[in-house]
Amino acid sequence: MTYDKENLAKAITGDQNAFSKIYEAIYSDLYRLALYMCGNTGFAEDIVSETILDAYKGIHNLKSAENFEPWILKILSAKVKRSFKKNYNSFSIHNPMARSVDETELTSPDLSEEGIHRTDLLNAMSSLKAIDRMIISLCVVQEYTSGEAAEILSMNASSLRSRLNRSLKKLKKELEENGYE
């Protein structure tokens, strides 16, 4: 994430304008991470909004500016976890609220080559457990180390590395079954 450290310091002291600038700087990173974690644009937008709202309410409690990234990612991860517990019986990339395959519906598909590849990747990601999607999103998409991701997710680093390895193998297998090499 890229943001102005000076704005962060001001935001911690209560400067609303500085917080707005931080929000503008980190929104796309948070959204991309939430989208990879939950696989649905609507949920991702809601989760990021809730994350930003909680961050705004609690930023004055942040003890150190260096802790901002792990702190906000913990909020995001907690929101994703709560969303899964609250809303999902079974996960479908096209309709996360669907309880069976018959209830799924793809609205306004993106038929470009990039859109098809992205849909294939999200479909493959949907075969993983929520925690595994979070781990891949943090370690692969956001490029956090296993130690940093483990801290964000409140996990043991070696357990996280094992889950990451297994999840990547499963993801690779899913993609190979869909014709990707």
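- Nearest approach of Gly147 to Ala157, heavy atoms of both residues: CA-CB, 4.3 Å.
- Using a 4.5 Å heavy-atom cutoff, the side chains of Ile152 and Leu76 are not in contact.
- Taking the side chain as every heavy atom from C-beta outward, Lys10 and Lys21 never approach each other to under 4.5 Å.
- Shown here are the ring pair (Phe, Tyr, Trp, His ring centres under 6.0 Å) partners of Tyr144, two or more places apart in sequence or in another chain: there are none.
- The closest side-chain heavy-atom distance from Tyr3 to Asp29 is not below 4.5 Å.
- For the pair Glu45 and Val48, the minimum side-chain heavy-atom distance is 4.5 Å or more.
- Applying the side chain to side chain contact (heavy atoms under 4.5 Å, CB included) test to Ala11 and every residue at least two apart in sequence or in another chain returns Ala18, Phe19, Ile59.
- Asp4 is linked by a side-chain hydrogen bond (donor to acceptor under 3.5 Å, both in side chains) to nothing, counting only residues two or more places apart in sequence or in another chain.
- Few gaps surround CD on Glu177; more than 12 heavy atoms of other groups in view lie less than 6.0 Å from it.
- Taking both residues in full, the closest heavy atoms of Asn156 and Ala150 are given as C-CB, 4.0 Å, listed atom of the first, atom of the second, then distance.
- Here CE of Met155 is found 5.0 Å from CD1 of Ile131. Values are rounded to the nearest 0.5 Å.
- Aromatic ring pairs are classed by plane angle as parallel below 30°, tilted from 30° to 60° and perpendicular above 60°; the pair Tyr31 and Tyr27 is parallel.
- Between Ile75 and Ile52, every side-chain heavy-atom pair lies at or beyond the 4.5 Å cut-off.
- The side chain to side chain contact (heavy atoms under 4.5 Å, CB included) test with Leu73 singles out one residue from Thr51, Leu153, Leu30, and that residue is Leu30.
- The OG atom of Ser77 lies 10.0 Å from the CD1 atom of Ile47; values are rounded to the nearest 0.5 Å.
- Of all heavy-atom pairs between Leu160 and Cys139, the closest is CD2-SG, 3.8 Å.
- Looking only at side-chain heavy atoms (C-beta outward), Val80 and Arg133 stay at 4.5 Å or farther from each other.
- The CH2 atom of Trp71 sits 12.5 Å away from atom OG of Ser64, with the distance rounded to the nearest 0.5 Å.
- At least one side-chain heavy atom of Leu168 sits less than 4.5 Å from a side-chain heavy atom of Val140.
- How far CG of Leu8 is from CG of Asp15: 11.5 Å, rounded to the nearest 0.5 Å.
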### Task
Take Lys129 and Arg163 through the test side chain to side chain contact (heavy atoms under 4.5 Å, CB included) and record every step on the way to the result.
CA-CA 10 Å; Lys129 293 180 180 179; Arg163 287 191 83 117; 3.8 Å; yes

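- In this structure, Lys170 does not pair ionically with Glu174, as no charged nitrogen and carboxylate oxygen lie closer than 4.0 Å.
- The distance from the CG atom of Asn7 to the CD1 atom of Ile12 is 11.0 Å, given to the nearest 0.5 Å.
- What you find for Leu164 and Ile136 is that their closest heavy atoms are CD1-CG1, 4.0 Å.
- Once rounded to the nearest 0.5 Å, the distance linking CG of Leu53 with NZ of Lys79 reads 7.5 Å.
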